[in-house]
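Here the structure is laid out as structure tokens; the discussion comes afterwards.
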Amino acid sequence: MTGGLVEALWPREDLHFLIAALGSAAGLGDASAEIPKAPAGLEGSRLSEWIMASAALMKSDIEPVRLDGVTLRDRIRSAAPAIIETPEGFLALVRLKGTMRVLTPSGKIILTSIEDVCGLVSRHDEQLLQPAVETMLNRCNIAGERRQTVRSAILRQRLHSKRIGTLWQLRPLRNSSFISELSGTGLVERLLLLLTSHAIETVLFLSSWYVIGQGALAGHLDVDRFYQWSLLLLCIAPFRMLTMRMQGKMAISVGGLLKKRLLAGALNLDPATLRAEGAGILLGRTLESERVESLALSGGMTALLSTVDLGLTLWILTHTDAWYLLVPLFLYAVFLVVWLTVRYRDKRSSWTISRLTMTLELVEKMTGHRTRLAQQKPEHWHVIEDQQFEAYERTSIALDRHLVILSRLTPRCWLIAGLVVVMNVAGSTTAMAVGLGGVISGYQAVRRFTQGLVQLVGAQIAWRQVQPLVEGAPIDENPTRPYAVFHQKCGTVVETHGLTFRHGDGRQIIGSEELEINEGDRVLLEGESGSGKSTLASLLCGLKIPTSGWLASRGVSQKELGMGTWRKQIACAPQFHENHLLSAPLLFNLLMGRHWPPTKDDVGEATEVCEELGLGDLLRRMPGGLSQMVGESGWQLSQGERSRVFLARALLQRGDLVILDESVAALDPENLRISLECCLRRAKTILIVAHP
């Protein structure tokens, strides 16, 4: 460990200063937020909860990442800005640009290496293994330079899957401005470098042909001009490579961020909205999300680079003899492209709506196809589809015709008009050559500009369909307060006062509900269908937000505790049709809501719960046991087995309160008895929702 890293370590009592300083240095969050000092004795998950609550207080997001021997180097390499836990203290990793940069408690930024950071993090675990490793090396008579190599290899193998620390990666809030998130990835610097590189490349290309053209028009090409021309062409290569490199980096950063936003939004969509929209609309949005990324990135870069070409073309045209005709004509051509693009946008919007409507109708009718076969005559089965296809064909033909005019005829009209002007106005051979060069350059620039605008229009229309996914990740208006993580543990697990809930249409489902559930209570909630039982359960576990009233756990209101912490304390197994198995290993489906990857103790606890719920025979039948893939493309479970997996998932979350919303309705009497006994034994406090 270097002396610089010793200086850079932050003591545990200054952890609140570290979070604020790191956010300020990284340009994330509110630097004026006051973070309270961390209580003494913070370890493990409690430490992570406090750090995440402190980051939320300054309007930032922070994610804990497990560090083990196999992922240590890769995690640290891509972590900045981040907090790294070490046995001696904490490191504040500011940014990575070729070298590691670490923020010290004195406010300085020092340079270090990834080897030093990894060595500092794993030093304590390596020291524990050192005696056994040295004994092994002595027995094998390994000495000299080879000893150090073998020692390092053995230590890496021993620490391969062992947890050796935690890293907390600081990020913007998930629903912060998309532009602000992009700026944090270095987009502005890359964009300026891209434009500069492309401009230099274009100037060098024009200069090369100016040199060779000047010699050709003068009537002789000497060796010096040929060398100048060749040198200019060679100079283009590095700038072309730089342009392509910047385009690739921007595509990766923007595309990756867009995928994260879409995923976060999709995971936070309201279940009621999903059921109302249907599978057809969701399929259409999924298809459009891919178009947003491909069209926006390619079209945006093409349109952006074409503006450089347009500017250089305009400069060339001002140096021709017919500039008073060519410049207005060129500007009119650009204006015509923009005007036609606006009209093209309207036509493409109608075409997209028609296409997505067909997708919706197709998916929905596939679901009820058997009913149609039974109730309609064969000649009427596809009448509506035929009408939709005819309307779609007419819309497509009109769109294609307009696209031909926009992307093909408009640039060629400029080319023909420009050539006519140059041929009739140019007074000399040199002037004619310059004019022809300007016209041809303008043709290429207008064509490229048109191509970029067309792609951007497609991306904008696709974005309208995808936008609900991005907006599906709402900001947590009530982030967890740091002091709420360590509030006084009172006996009241959940209490409500004046709790009400109304649907979007104004119908009141819950009115002035008063409820108190203390630790150790076993509560049975009965009621007729539509009486609001499931709605109350959704309010208690944080799946729905109450319209009014007060909701608290352990003496702290939901507003102060924050939705993230609230949902960790209140576990719920929703109704069967609202619960799902992902196409993933059974262990992953069981431990959803807990950290991943699991530890050995997590696997053991999951196995015990499954055995207690009567799923032992299922585990022994499956070839992979808990690692067996389940879901749509994996091992198929019966309805009763799925119900018990949902019960196990809720129990394994270790919540202060476990809510079972008609989760045992699909079980036979014997499995019902076994499951209820397990739930009553495992859950500290339980609320069961059932029909009378």
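Starting from 1, each residue takes its place in the sequence as its number.
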Restricting to side chain to side chain contact (heavy atoms under 4.5 Å, CB included), what partner residues turn up for P669, sequence neighbours left out? none
Which residues share a side chain to side chain contact (heavy atoms under 4.5 Å, CB included) with D668, sequence neighbours left out: E670, N671
For [X] and [Y], indicate whether the former's side chain and the latter's backbone hold a donor-acceptor pair under 3.5 Å.
X: S553; Y: V493; value: yes
X: D14; Y: P11; value: no
X: R522; Y: L680; value: yes
X: T685; Y: G520; value: yes
X: R75; Y: L67; value: no

Could you check whether the rings of W168 and F90 sit parallel, tilted or perpendicular, using 30° and 60° as the cut-offs? tilted
Side-chain donor-acceptor pair present, S548, T500, cut-off under 3.5 Å: yes
With a 4.5 Å limit on heavy-atom distance, are the side chains of [X] and [Y] in contact?
X: L515; Y: L499; value: no
X: L676; Y: I688; value: yes
X: R682; Y: E605; value: yes
X: L120; Y: V117; value: no

Working to the nearest 0.5 angstrom, can you tell me the gap between [X] [atom1] and [Y] [atom2]?
X: I19; Y: W10; atom1: CD1; atom2: CH2; answer: 10.5 Å
X: Q169; Y: L167; atom1: CD; atom2: CG; answer: 6.5 Å
X: Q558; Y: L551; atom1: CD; atom2: CG; answer: 4.5 Å
X: D661; Y: K533; atom1: CG; atom2: NZ; answer: 8.0 Å
X: L587; Y: Q628; atom1: CG; atom2: CD; answer: 12.5 Å
X: C679; Y: E612; atom1: SG; atom2: CD; answer: 10.0 Å

Might you point out which heavy atoms bring [X] and [Y] nearest each other, and give the distance in Å?
X: C610; Y: L619; result: CB-CD1, 3.8 Å
X: R649; Y: H580; result: NH2-O, 3.0 Å
X: V658; Y: G655; result: CG2-O, 4.4 Å
X: T547; Y: F501; result: OG1-CA, 3.3 Å
X: R554; Y: D656; result: NE-OD2, 3.5 Å
X: N589; Y: L582; result: OD1-N, 2.8 Å

Check E611 with R620, please: is the shortest side-chain N to carboxylate O separation under 4.0 Å? yes
One pair to check against side-chain contact (heavy atoms from CB on, under 4.5 Å): I674 and L613. What are the steps and the verdict? CA-CA 6 Å; I674 294 174; L613 288 171; 5.7 Å; no
